[in-house]
Engineer: 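To start, I am sharing the structure in question, which I have written as structure tokens.
When a ligand or atom number is given, it counts from 1 through the structure's own listing order. Just so you know, these numbers come straight off a predicted model, no measurement behind them.
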Amino acid sequence: MSSVKSTNVTTAQLRILALEAAAKAYSPYSQVKVGAAVVTEDGAIFTGCNIENASYGATVCAERVAIWQAVSQGHKKIEQLYVYSRDGWPPCGLCRQVMVEFGNPTMEITFGNQQGGEQMMELAELIPQAFSSEHLTNKS
Ligand code: ZN
């Protein structure tokens, strides 16, 4: 799987990787191709594409595939994520919750569209008042 070491990754580089990942999407039902690229705290990059399923419910988004690629390779801190789709869709609620598990509130999420338009938000903006592991450790 694609894992490129880089210590200073630009949004433009992530966009290219996310576009490449989107080309690998398995989306026979929606025809929508989404690609994501994540940067870990040590500068490793992992990518993912959306993978659909005939059951619909077993479909997985590109963002989660990219994060799980990183985690499964031993990288548990995500600092940056770029997600590409034709219309520049923002991450869904499930993906935002997974980002909370492996990212800091300042993690940067950029969503870009086909025309080159981009929007960048920090994780705390994307999912305010997030439920996290902190809630599980305060059991008084
Ligand atoms: Zn999602």
Engineer: Side-chain contact, heavy-atom cut-off 4.5 Å: T110 with L14?
Structural biologist: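 A side-chain contact is absent here, since even the closest heavy-atom pair is not under 4.5 Å.
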Engineer: How close do N113 and R86 get, counting heavy atoms only, and between which atoms?
Structural biologist: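 Shortest heavy-atom contact: CB-O, 3.3 Å.
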Engineer: Below 3.5 Å, can you tabulate the donor-acceptor pairs from side chains in residues 28-35 to any protein atom, sequence neighbours excluded?
Structural biologist:
| residue | atom | partner | partner atom | Å |
| --- | --- | --- | --- | --- |
| S30 | OG | V32 | N | 3.0 |
| S30 | OG | E52 | OE2 | 2.4 |
| Q31 | NE2 | P28 | O | 2.8 |

Engineer: What pairs of donor and acceptor atoms, side-chain ones from residues 91-101 against any protein atom, are under 3.5 angstrom apart with sequence neighbours left out?
Structural biologist:
| residue | atom | partner | partner atom | Å |
| --- | --- | --- | --- | --- |
| R96 | NE | P91 | O | 2.7 |
| R96 | NH1 | L126 | O | 2.8 |
| R96 | NH2 | P91 | O | 3.0 |
| Q97 | NE2 | F131 | O | 2.8 |

Engineer: Please give me the minimum heavy-atom distance between Y84 and A22, naming the atom from each residue.
Structural biologist: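 In terms of heavy atoms, the two residues are closest at CD2-CB, 3.9 Å.
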Engineer: List the residues meeting ring-ring contact (aromatic ring centres under 6.0 Å, His included) with Y26, not counting sequence neighbours, and say none if there are none.
Structural biologist: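 Once residues adjacent in sequence are excluded, Y26 has no partner under the ring-ring contact (aromatic ring centres under 6.0 Å, His included) criterion.
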Engineer: So which protein N/O/S atoms does the Zn ion (ligand 1) have within less than 2.8 Å?
Structural biologist: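 Near the Zn ion (ligand 1), the protein supplies C61 SG, C92 SG, C95 SG.
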